[in-house]
Amino acid sequence: MAAAVAYSPQLLLPPPPYLLRASSRSLAVEALAQVAKEGLSIDDGAIAARSAALSALGRAAQEGNRAALEVLVAGAKDWHPKVKDAAVQALAQVVQKGDRKAVHARLQGAQALAPLALSGDARAVEALAAALNDEHASIREAAMGALIRVAEEGESTAEPLVAARVAALEALRLAALQGDKRAVQALVRCAKDWHIEVREAGIEAVAALAELEAGLGCHAVVVAKVMAIQALAPAARAGEARAVRALAAAASAAASTAVPRGRPRRRATGAAGGPSASAPPPLPSQFRAPVA
């Protein structure tokens with residue numbers, strides 16, 4: 001029977017370097033989270049430390065760190081404006097610059113920014129507008145839904161809220177120009193809004209759609225153009241000059257690209273029965289039908 005080997009710390013192998021790095025990183029995130037959460041003091045130094053901790057956690061959240069992301073989401077509701085600003089800024093960076101593999105982080109960041117955009121936060125609106133171009137469909141859908149709510153659900157005349165609604169409309173206009181049906185429908189509804197600034201921005205966006213030179217190769221864009229023209233008709237009848245100009249431009253473009261109907265004219269012939277000088281040249285021999 002083999003003799004038992006006595007325990008000795010020297011026999012234990014040290015952990016590999018990557019585990020040490022991961023462990024130290026986790027400890028640092030945990031420490032920063034504790035700093036960010038310490039919200040009882042109103043001392044300037046404590047507030048500055050909390051804000052700096054949130055900014056540092058933002059970089060970890062961009063890489064997909066869930067613990068850091070949870071602290072940012074909580075910080076966006078903080079009672080102190082400076083701390084809240086730091087959290088919102090960090091969340092906006094997660095949505096706009098997050099690692100392409102960290103889909104959950106970008107999605108959760110967009111969802112956290114949605115109510116802030118609804119309350120008039122310009123940075124939240126800007127980040128959601130950028131998220132409309134995200135490569136992942138779930139993030140684009142979350143951003144689209146949030147921006148539509150911001151554009152449509154305004155019952156205040158407060159300047160930040162109105163500015164946020166107009167900024168959301170601009171983002172939706174760019175999406176509508178690519179043929180997004182939900183964006184077009186939102187623009188049409190906002191073109192009838194009770195607030196004059198929002199209504200004018202909506203009419204301008206719909207007019208731009210109507211004036212769009214939509215190629216026949218993009219069905220979604222053609223549909224968007226038709227929807228815009230239909231929506232402008234009531235506004236034009238009500239005396240809206242911008243709607244009239246857009247409809248006139250659309251009619252002019254349609255006339256210039258119309259395909260003439262009727263039987264094609266017979267080719268003119270010369271005195272000897274051959275093609276006249278103004279007729280198109282004959283087909284090359286390889287394209288002619290064989291003679292029987």
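If you're wondering where the values come from, they're calculated on a predicted model, not measured in any experiment. The figures that follow rest on heavy atoms only: side chains count, while hydrogens, waters and symmetry mates do not.
- When all heavy atoms are compared, the tightest approach of Leu128 to Ala117 is CD1-CB, 3.7 Å.
- A donor-acceptor contact shorter than 3.5 Å is absent between the side chain of Arg173 and the backbone of Gly202.
- The structure places CG of Leu116 at 9.0 Å from NZ of Lys77, a figure rounded to the nearest 0.5 Å.
- At distances below 3.5 Å, at least one donor-acceptor pair connects side-chain atoms of Ser51 with backbone N or O atoms of Ile47.
- The two atoms that bring Asp193 and His195 nearest to each other are OD2-N, 2.9 Å, heavy atoms only.
- Rounding to the nearest 0.5 Å gives a distance of 8.0 Å between CG of Leu57 and CG of Asn65.
- For the pair Val94 and Gly58, the tightest heavy-atom approach, listed with the atom from each and the gap, is CG2-O, 4.0 Å.
- You'll find the side chain of Val184 stays beyond 4.5 Å of the side chain of Leu187, heavy atoms only.
- Looking at Met144 and Leu132, their side chains come closer than 4.5 Å, going by heavy atoms from C-beta outward.
- Residues Val103, Ile139 make up the rest of the hydrophobic cluster containing Leu107, defined by ILVMFWY side-chain heavy atoms closer than 4.5 Å, directly or through other members.
- Screening residues 241-250 for side chain to side chain donor-acceptor pair (under 3.5 Å) gives Glu204-Arg242, Glu211-Arg242 as the qualifying pairs, with residues at least two apart or on separate chains.
- Contact between Ala231 and Val206 at its shortest, heavy atoms only, is CB-CG1, 4.3 Å.
- Val188 and Val244 are assigned to two separate hydrophobic clusters, defined by single-linkage of ILVMFWY side chains at heavy-atom distances under 4.5 Å.
- Contact check on Glu141 versus Arg182 returns a salt bridge, with a Lys/Arg side-chain nitrogen under 4.0 Å from an Asp/Glu carboxylate oxygen.
- Closest approach of Ala61 to Ala68, counting heavy atoms only: N-CB, 4.0 Å.
- Val29 and Ala60 make their closest contact through CG2-CB, 4.2 Å (heavy atoms, listed as atom of the first residue, atom of the second, distance).
- Within 6.0 Å of the CD atom in Glu155, the count of heavy atoms belonging to other residues, nucleotides or ligands does not exceed 12.
- If you chain together hydrophobic residues whose side chains sit under 4.5 Å apart, Leu161 and Val125 never meet in one group.
- Applying the 6.0 Å contact sphere to CZ of Arg189 captures more than 12 heavy atoms from other residues, nucleotides or ligands.
- Counted within 6.0 Å of NE2 on His104, heavy atoms from surrounding residues, nucleotides or ligands total more than 12; the atom is thus considered enclosed.
- Distance check, rounded to the nearest 0.5 Å: CG of Leu32 to CG of Leu27 gives 11.0 Å.
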Residues Arg149, Leu118; criterion side-chain contact (heavy atoms from CB on, under 4.5 Å); working and verdict: CA-CA 7 Å; Arg149 286 192 62 194; Leu118 201 57; 3.2 Å; yes
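- In summary, Arg123 and Asp121 engage in a salt bridge, as defined by a charged side-chain N under 4.0 Å from a carboxylate O.
- At a threshold of 4.5 Å between non-hydrogen side-chain atoms, the residues Ile196 and Arg199 count as touching.
- Considering CG of Leu232 and CD1 of Ile203, their distance stands at 8.0 Å, rounded to 0.5 Å.
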Residues Met227, Gln185; criterion side-chain contact (heavy atoms from CB on, under 4.5 Å); working and verdict: CA-CA 8 Å; Met227 291 172 63; Gln185 292 171 337; 3.7 Å; yes
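- Here NZ of Lys84 is found 9.0 Å from CG of Asp78. Values are rounded to the nearest 0.5 Å.
- At distances below 3.5 Å, at least one donor-acceptor pair connects side-chain atoms of Lys225 with backbone N or O atoms of Ala210.
- Rounded to the nearest 0.5 Å, atoms CG (Asp85) and CG (Leu54) are 11.0 Å apart.
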